[in-house]
Amino acid sequence: MATPVVAIVGRPNVGKSTLLNRVIGRRAAIVEQRPGVTRDRKDVDADWLGRHFRLVDTGGWMARGSDLDEKVSAQSERAIADADVVLLVVDVVTGATDDDARVAELLRRTGKPVLLVANKVDDAGRENQMWDLMSLGLGEPFPVSALHGRGTGDLLDRVVELLEAAGVWSDDTEEAEAAAELVSDRRGGEGTERGGAEGVASSEAGTAVAIVGRPNVGKSTLFNRLTGDERSVVHDLPGTTRDTVDTVIETELGPVRLVDTAGMRRRAKIGEGTEYYSLVRALQAVDEADVALLVIDATEGVTGQDQRLAERIDAAGCPIVLVLNKWELLDAEGRADLRWQVSDKLRFVGDAPVLPVTALSGRGVHKLFPALATSVDAYHRRIPTSRVNAVLRDAQAAHAAPGGARVLYATQGAAEPPTFTLFVNRELPRTYLRYLERKLREAFDLGATPVKLRVRRRGE
């Protein structure tokens with residue numbers, strides 16, 4: 001049986017993301033004191049009283065607004081449709097607004113269980129203000145302070161009661177959760193205390209694929225195309241995605257966790273607050289990924305920022321696949337020029353797969369997964385010591401290092417990425433190390449996967 005879903009909805013700037021962070025006990029969603037920070041749906045694993053569920057943060061719902069506002073509101077409505085329980089968050093200080101009333105009306109029509117959350121009740125003195133929210137017709141509100149944690153335990157107790165009443169947890173799930181709690185107790189694990197909430201880190205299996213690139217190159221469009229669901233808001237305004245959005249899909253490779261990231265600009269152009277944290281999350285996604293898709297706008301060519309992003313991915317030891325999006329907008333001459341730019345400006349990524357695609361129509365996107373399979377296989381590959389030494393022996397026989405330097409013995413010390421330790425009699429020139437790396441890549445079909453060479457002098 002699928003894990004139950006709890007959606008957090010409401011108009012902009014009422015504290016939805018703060019509530020999500022409070023429930024899971026970590027800053028998973030970007031929070032800033034101005035409306036419009038959250039735009040995409042963001043869902044995370046959560047736990048309360050040994051019960052596991054998915055908690056979904058949404059952008060602010062608005063009855064009217066710009067085209068982008070309408071798309072953000074549509075994301076909220078999709079989250080409501082998928083939810084088993086909905087939390088409508090309202091700012092008790094502001095009181096019920098027209099937009100709050102419209103959201104409440106929308107929720108009543110769904111027939112789903114809805115809990116009215118009166119947020120920003122930071123002390124007992126504000127509790128009297130929450131009774132004005134009864135006008136929304138959703139029953140008695142739950143007074144909470146998402147910022148300080150006040151009242152969140154009682155709210156989550158009620159969430160669990162509603163989910164249990166709906167029968168969303170099977171007996172098998174109950175037995176598994178009881179066993180997990182028993183193991184945790186035996187290990188001295190931390191229990192969840194009443195009056196607070198503790199998150200459960202995501203442990204989804206599968207290959208982690210980060211989709212990165214400059215703002216407005218089509219990352220979210222590609223993400224939605226690959227997932228087959230409009231999980232990310234797509235708009236022609238640069239910087240639409242503020243936080244990482246991820247989902248697990250089943251492919252011929254098995255489970256793949258796709259992570260859509262915010263567009264990364266030069267640090268000098270990045271302000272404080274939301275944009276800074278967006279960059280931090282994007283870089284974290286790269287560091288944790290098994291492979292990165294670097295999306296490049298074909299109509300703009302390879303820019304200096306594209307080069308810097310490729311260098312950052314390479315430095316993280318992450319395999320890279322270059323995705324040339326908006327390919328259909330180039331003529332034959334433009335396509336030839338772009339391929340030359342890739343080979344010249346991104347030559348340091350070696351034999352990275354280069355895939356021309358049109359994310360909007362899906363043309364060429366089917367080639368991504370085979371390319372990912374090759375890159376991921378090389379990234380995890382382990383090679384027997386005898387084969388490593390045979391390749392290096394032949395390489396040295398064909399072209400000896402200057403000054404009598406030699407590799408006496410070598411072994412693969414680690415994978416992810418493949419890392420080789422070379423034991424030498426004296427220091428090897430950098431140019432010769434690059435020669436040996438190329439021979440290892442060719443012999444073991446390592447392609448564009450980063451390869452690390454660690455050199456140790458005999459006797460060290």
Exercise for the section: May I ask you to decide if A83's main-chain N or O and K112's side chain share a donor-acceptor pair within less than 3.5 Å? Expected result: yes
Problem - Heavy-atom pair of closest approach, residues L338 and A298 - result: CD2-CB, 3.6 Å
Handout entry: Side chains of V23 and V6 in contact at under 4.5 Å (non-hydrogen atoms)
Key = no
Handout entry: Partner residues of A310 under the side-chain contact (heavy atoms from CB on, under 4.5 Å) criterion, sequence neighbours left out
Key = L294, I320, L346, F348, V349
Handout entry: Side-chain (E140) to main-chain (M134) donor-acceptor, under 3.5 angstrom
Key = no
Handout entry: Over 12 foreign heavy atoms within 6.0 Å of CZ, R363
Key = no
Exercise for the section: Carefully, step by step, assess R312 and R308 under the rule side-chain contact (heavy atoms from CB on, under 4.5 Å). Expected result: CA-CA 6 Å; R312 178 62 178 79; R308 283 184 283 273; over 6 Å; no
Handout entry: D91 backbone acceptor or donor facing T94 side chain under 3.5 Å
Key = no
Problem - Sub-4.5 Å side-chain heavy-atom contact between P113 and V85 - result: yes
Exercise for the section: Name all residues meeting the side-chain contact (heavy atoms from CB on, under 4.5 Å) criterion together with N119; count only those two or more places apart in sequence or in a different chain, and write none if there are none. Expected result: V89, V144, A146
Exercise for the section: Please report the C-alpha distance between N325 and L222 in whole Å, then the side-chain angles of each, then the deciding distance to 0.1 Å, and finally whether the side-chain contact (heavy atoms from CB on, under 4.5 Å) criterion is met. Expected result: CA-CA 9 Å; N325 191 30; L222 179 61; over 6 Å; no
Problem - Under 3.5 Å: donor-acceptor pair, side chain of D306, backbone of T303 - result: yes
Practice task
Measure the shortest side-chain to side-chain distance between W48 and V159 over non-hydrogen atoms and say whether it is less than 4.5 angstrom.
Solution key: no
Problem - Distance-minimising heavy-atom pair for R381 and D445 - result: NH1-O, 3.2 Å
Completion exercise
Closest heavy-atom pair, D290 versus P319, reported as atoms and distance to 0.1 Å, is O-CD, 2.9 Å
Handout entry: pair L355-L324: side-chain heavy atoms closer than 4.5 Å
Key = no
Practice task
Verify, without hydrogens or angle tests, whether T3 (side chain) and R54 (backbone) share a donor-acceptor contact under 3.5 angstrom.
Solution key: no
Completion exercise
CG of L133 to CG of L88, rounded to nearest 0.5 Å, is 9.0 Å
Problem - Partner set under side-chain contact (heavy atoms from CB on, under 4.5 Å) for R335, not counting sequence neighbours - result: W327, L330
Exercise for the section: Take R126 and Q129 through the test side-chain hydrogen bond (donor to acceptor under 3.5 Å, both in side chains) and record every step on the way to the result. Expected result: CA-CA 6 Å; R126 287 186 175 177; Q129 297 174 255; 4.5 Å; no
Practice task
Might you point out which heavy atoms bring L138 and L116 nearest each other, and give the distance in Å?
Solution key: CB-CB, 4.3 Å
Exercise for the section: Could you grab the distance from atom CG of L55 to atom CD1 of I8, nearest 0.5 Å is fine? Expected result: 4.0 Å
Completion exercise
So CZ of R225 and OG1 of T358: to nearest 0.5 Å the spacing works out to 10.0 Å
Handout entry: Verdict with reasoning, L162 to L115, per side-chain contact (heavy atoms from CB on, under 4.5 Å)
Key = CA-CA 10 Å; L162 289 173; L115 297 180; 3.7 Å; yes
Problem - Close side-chain approach of I296 and V323, heavy atoms under 4.5 Å - result: no
Exercise for the section: Output the distance between atom CZ (F142) and atom CG (L87), rounded to the nearest 0.5 Å. Expected result: 9.5 Å
Problem - Check: V90 main-chain N/O paired with K120 side-chain donor or acceptor under 3.5 Å - result: no
Exercise for the section: Mark yes when over 12 heavy atoms from residues, nucleotides or ligands other than K367 sit less than 6.0 Å from its NZ; otherwise mark no. Expected result: no
Exercise for the section: Scan side-chain atoms only and decide if T97 and D99 contain a donor-acceptor pair under the 3.5 Å cut-off. Expected result: no
Practice task
Check the pair E161 / R158 against salt bridge (charged side-chain N to carboxylate O under 4.0 Å, His left out), numbers first and verdict last.
Solution key: CA-CA 5 Å; E161 288 176 2; R158 182 57 179 153; 3.1 Å; yes
Problem - Non-hydrogen side-chain atoms of I80 and L107 separated by less than 4.5 Å - result: yes
Exercise for the section: Heavy atoms only: give me the nearest E127-V121 pair and the separation to one decimal. Expected result: CG-CG1, 3.7 Å
Exercise for the section: Give a yes or no on whether the backbone of D297 and the side-chain of K326 come within a donor-acceptor separation of less than 3.5 Å. Expected result: no
Exercise for the section: Look at the side chain of Q412 and the backbone N and O of F420, then say whether any donor-acceptor pair between them is shorter than 3.5 Å. Expected result: no
Exercise for the section: Output the distance between atom NZ (K16) and atom CZ (R11), rounded to the nearest 0.5 Å. Expected result: 8.5 Å
Practice task
Check whether any side-chain heavy atom of V117 lies under 4.5 Å from a side-chain heavy atom of L155, and answer yes or no.
Solution key: yes
Practice task
Examine distances only and state if a side-chain atom of R108 and a backbone atom of L136 form a donor-acceptor pair shorter than 3.5 Å.
Solution key: yes
Handout entry: R51 and D47, any side-chain heavy atoms less than 4.5 Å apart
Key = no
Practice task
Please name the pair of heavy atoms, one in L293 and one in L226, separated by the smallest distance, quoted to 0.1 Å.
Solution key: CD1-CD1, 4.4 Å
Exercise for the section: Please answer whether the main-chain N or O of P4 pairs with a side-chain N or O of D84 as donor and acceptor at a distance below 3.5 Å. Expected result: no
Handout entry: From CG (D57) to CG (L19), nearest 0.5 Å
Key = 8.5 Å
Exercise for the section: Under the side-chain contact (heavy atoms from CB on, under 4.5 Å) rule, what do F53 and L156 come out as? Steps first, then yes or no, please. Expected result: CA-CA 11 Å; F53 53 93; L156 291 171; 4.2 Å; yes
